[in-house]
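Counting starts at 1 for both ligands and their atoms, in listed order. One is the number of the first residue; the rest follow in order along the sequence.
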Amino acid sequence: MGGLAPESVPMTKPISLIQFLIEEKREGHINAQLSLLIEVVARACKRISVATGKGALGGVLGNAGSDNVQGEAQKKLDVISNEILLEANAWGGHLAACASEEMEDPQPIPDAYPKGNYLLLFDPLDGSSNIDVNVSVGTIFSVLRCPDGVTEPTTEDFLQPGTDQAAAGYVVYGPSTVLVLTFGHGVHEFTLDREHGSFVLTRRGITIPDETAEFAINMSNQRHWEAPMQRYIGELLAGATGPRGRDFNMRWVASMVADVHRIITRGGVFIYPLDAKITAKGGTGKLRLMYEANPMAFIVEQAGGAATTGREPIMSLQPTALHQRVPVFLGSKHEIEIATRYHVEADDTRD
Ligand SMILES: O=P(O)(O)OC[C@H]1O[C@](O)(COP(=O)(O)O)[C@@H](O)[C@@H]1O
Ligand SMILES: [Mg+2]
Ligand SMILES: [Mg+2]
């Protein structure tokens, strides 16, 4: 795990995000509108990075005193980040509408502004439970195409499978601020140069190893897991003394962006399964399909990993609701194949 990753970009001639987007346009991977969209989202995330960096000095810690559509208490930074992204994306002329974890319905672009052909979905602040304890948090986003001829997009227009994403990305606000991005032509990482205020390409064409010895899951939910989940994690915990014949290490930051970024950097698996606690409340998972699971699945698959619900590929799901929740299994391909096979086999045996 030591040393620079093979995809690392030598800093002899730094490439900025803007230059990279020009290259992608020249390659025909993106058009001018999508390029502008990413620029605007990146600029908004720079502002969120400044706000999170201020912490108590900026009065951004603690609860906002309101709940979101998920029935969760909103943190001040959930609301601030949401407003920053809404404001930044209102006037650029690249969007037809946007949707957020923090808002029940899609937000149209104000009539005063030109409209574009894209739909943007975002989790403005991921890892909210870590804000007040100064642990890495982030922003996750997914970009879809607005159906032709639609000028006032409705929720229906957003309900497109993950395979239809035009772009996806996340930003981690940690010791450094890092943006990871895909347009369906590989995964690339940019680090924010705080002195110059610009994102600089630091890794190009990132790949995730098929094998790993590291897993991430909230173990405190173990007693609520399904049998195949108990079996899979039980075998990892048995390590060298068990059927897997080697030891596995565990990590859990409880910020999906940070746990996924570790996997993008050195491999691993991240799992938030369905469990009896969730189903008892009529739930279908913890994490949201449209602005957490789908964008992360697109990035992980583009980096050579896999992403399933434990039973089927996440990006093949036909969404039924804007804030729909799903089980999430993603990361190093070989481990995700094993975990998924255990669930499918258990279903087959049961049937
Ligand atoms: O508190 P738990 O059960 O460990 O769940 C942590 C998970 O919840 C999340 O915080 C949910 O995301 P939000 O913070 O955007 O609501 C994920 O980032 C994280 O993986
Ligand atoms: Mg989240
Ligand atoms: Mg959030």
Near the Mg ion (ligand 2), which protein N/O/S atoms fall under 2.8 Å?
-> Asp123 OD2, Asp126 OD1, Glu292 OE2
Test: Asp132 and Lys75 ion pair at under 4.0 Å = yes
Under 4.0 Å from ligand 1, residues with heavy atoms, in chain and number order, are Glu101, Asp123, Leu125, Asp126, Gly127, Ser128, Asn218, Trp252, Ala254, Ser255, Met256, Phe270, Tyr272, Lys286, Leu287, Arg288, Glu292
Of all heavy-atom pairs between Ile80 and Val60, which one has the smallest distance, and what is that distance?
-> CD1-CG1, 3.8 Å
Closest approach of Ala168 and Phe298, non-hydrogen atoms and distance?
-> CB-CD2, 3.7 Å
Measure the spacing between CD1 of Ile233 and CE of Met250 and express it to the nearest 0.5 Å.
-> 9.0 Å
Report the C-alpha distance between Glu211 and Arg246 in whole Å, list the side-chain angles of each, state the deciding distance to 0.1 Å, and finish with yes or no for salt bridge (charged side-chain N to carboxylate O under 4.0 Å, His left out).
-> CA-CA 12 Å; Glu211 297 296 341; Arg246 61 191 177 95; 3.6 Å; yes
Among Val178, Val137, Val50, find the one that has a side chain to side chain contact (heavy atoms under 4.5 Å, CB included) with Tyr173.
-> Val137
Supply the atom-to-atom distance Ile15 CD1 to His188 NE2, rounded to the nearest 0.5 angstrom.
-> 11.0 Å
When rounded to the nearest 0.5 Å, the distance separating CD1 of Ile299 from CD of Glu189 is 11.5 Å
Other residues, nucleotides, ligands: >12 heavy atoms within 6.0 Å of Gln230 CD | yes
